[in-house]
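One structure below.
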2 protein chains.
Amino acid sequence: MTPPPLKLDDHLCFSIYAAAHAFNRLYKPVLDDLGLTYPQYLTMVALWQEDGQRVSSIGEKLYLESSTLTPLLKRLEAAGLVTRERDRADERQVLIRLTDTGRALQDRAGAVPACVLNTSGMSIAELQALNREVQALRRALDRSAA
Amino acid sequence: MTPPPLKLDDHLCFSIYAAAHAFNRLYKPVLDDLGLTYPQYLTMVALWQEDGQRVSSIGEKLYLESSTLTPLLKRLEAAGLVTRERDRADERQVLIRLTDTGRALQDRAGAVPACVLNTSGMSIAELQALNREVQALRRALDRSAA
DNA sequence: CATTTTTATATCGCGCACAATTAAATCGTA
DNA sequence: TACGATTTAATTGTGCGCGATATAAAAATG
């Protein structure tokens, strides 16, 4: 009486994994226009929301480790979008701040979420509802991991 | 009258992206036990469902390119789970077949989807319903990309 | 005040993930 | 048969993403 083996399409994890790739492909031309990768875009969104954050603060919001963020932030710095500066009060911390160029990029960044609305054929309400469901799933998966 | 800038949590793409990472973290200990990474697990699921596929056939099912699959399949071959053999009828094609070890691994692989049920606190019906919604989202995003 | 522990970021190694390119085999059509 | 177009997989280069570890600063401890 072993349970029947799950097929690919029965895996919720796979539909999530595949949807993440689909978003990446959809965003690719728009993000190329901004000169950003997708994780870089998320980092900029976090900084537009609150400037002058520490590396670990960004990591907590994006659920990413410093081993991922440090090189990513160096690339954003090389692109002239952010500055990386040690906090004088606590030299362990590195403060990430937007440059004028980085701040200005926000004006063009609305094209990213906009293209989801255009191409998915789903309404804002539908997208918001699904967003809440997936957020609840993530929280449920994270709870056990803690 | 520019639209207000979207915050991180307003992004459906981000909840999907973060949920994919959460699955990875949840699966990590179980997959370590099987000696597989997550994309390797998906590849094995595809082969358990249908043995003897070409590289491109696996790629179509997982939405992955040969540049991703070729090294991944070589690692599965090195682990003794699959064989890679050129089709004699058409030497361009490489047929991927399960070894006895690879087939046998399926018996222990049920632990992977099982741990979602255990830790998410969601019912099978809820997980299936969300799966269908996310699948529909992926299809909607893919349609425009074609 | 010296030692230990904790905290914050950086480094390294491995495995994806994809775009662009290459190389080889097959097919289509003259 | 010839030969350009197509198909199939492999290769290369860039950028994540994380675990393990290193380094340095700050805080806690005695």
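Sequence lines set the chain letters: A, B, ... in the order given, protein chains first and strands last, and positions in each chain run from 1. Worth saying up front: this structure is predicted, and the values here are computed from it rather than measured.
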Query raised in the report: When the nearest nucleotide of DNA chain C is assigned to Thr68(A) and to Tyr17(A) on a heavy-atom basis, which residue is associated with the more 5' position?
Result: Thr68(A)
Query - Carboxylate-amine/guanidinium proximity below 4.0 Å for Asp9(B) and Lys7(B) - result: no
Query - Short side-chain N/O contact to dC16(C) OP1/OP2 from Thr37(B), under 4.0 Å - result: yes
**Report entry** Which nucleotide in dC16(C), dC18(D), dA9(D) has an atom nearest any side-chain atom of Gln40(B)
**Finding:** dC16(C)
Query raised in the report: Taking only N and O in the side chain of Gln93(B), is any of them less than 4.0 Å away from OP1 or OP2 of dA24(C)?
Result: no
Report task. Verify the contact: side-chain N or O of Ser67(B) to OP1 or OP2 of dA17(C), cut-off strictly under 4.0 Å; return yes or no. Result -> no
Report task. Please work out if Ala89(A) contacts a base, only the sugar-phosphate, or nothing of the nucleic acid, heavy-atom cut-off 4.0 Å. Result -> sugar-phosphate
Query raised in the report: Does Arg54(A) put a side-chain nitrogen or oxygen below 4.0 Å from OP1 or OP2 of dA8(C)?
Result: yes
**Report entry** Base dA8(C) paired with Ser66(A) side chain (donor-acceptor, <3.5 Å)
**Finding:** no
Query raised in the report: Which whole-number value in Å describes the distance from Lys28(A) NZ to dG15(D) P?
Result: 11 Å
Query raised in the report: So does Arg92(A) reach the base of dT9(C) with its side chain, donor to acceptor, closer than 3.5 Å?
Result: no
Query raised in the report: Would you find a donor on one side and an acceptor on the other, under 3.5 Å apart, between the side chain of Arg86(B) and the backbone of Glu91(B)?
Result: yes
Query raised in the report: Does the side chain of Arg75(A) get closer than 4.0 angstrom to OP1 or OP2 of dC16(D) through an N or O atom?
Result: yes
Report task. Verify the contact: side-chain N or O of Arg84(B) to OP1 or OP2 of dA10(D), cut-off strictly under 4.0 Å; return yes or no. Result -> yes
Report task. Name the residue closer to the 5' end of DNA chain D, choosing between Arg88(A) and Leu69(B) according to the nucleotide with the nearest heavy atom. Result -> Leu69(B)
**Report entry** Euclidean distance, atom CD of residue Glu65(B) to atom P of dG13(D) [Å, nearest integer]
**Finding:** 19 Å
Requested in this report: Could you tell me whether the phosphate oxygens of dT11(C), OP1 or OP2, come under 4.0 Å of any side-chain nitrogen or oxygen in Lys74(A)?
Outcome: yes
Report task. Can you tell me the distance, in whole Å, between the NE2 atom of His21(B) and the P atom of dC16(C)? Result -> 14 Å
Query - Under 3.5 Å: donor-acceptor pair, side chain of Glu126(B), backbone of Ser123(B) - result: yes
Query raised in the report: Does the side chain of Tyr63(A) come under 3.5 Å of the side chain of Arg25(B) through a donor N or O and an acceptor N or O?
Result: no
Report task. Write down the distance between CD (Gln53(A)) and P (dT9(C)), rounded to a whole number of angstrom. Result -> 11 Å
Query raised in the report: Nearest-Å distance, CG (Leu72(A)) to C1' (dC18(D))?
Result: 14 Å
Report task. Step through it carefully: locate the ring centre of His21(A), locate the ring centre of Tyr17(B), and say whether they are under 6.0 Å apart. Result -> no
Query - Separation of atom CG in Leu31(A) from atom C1' in dG15(D), rounded to whole Å - result: 13 Å
Query raised in the report: Would Leu95(A) end up clustered with Leu98(A) when hydrophobic side chains under 4.5 Å apart are linked, directly or stepwise?
Result: no
Report summary line: Tyr27(B) atom OH is separated from dC18(D) atom C1', nearest whole Å, by 18 Å
Report summary line: Leu42(A) atom CG is separated from dG17(D) atom P, nearest whole Å, by 8 Å
Query - Residue Glu91(B), side-chain atoms from C-beta onward, closest of dA26(D), dT9(C), dT26(C) - result: dT26(C)
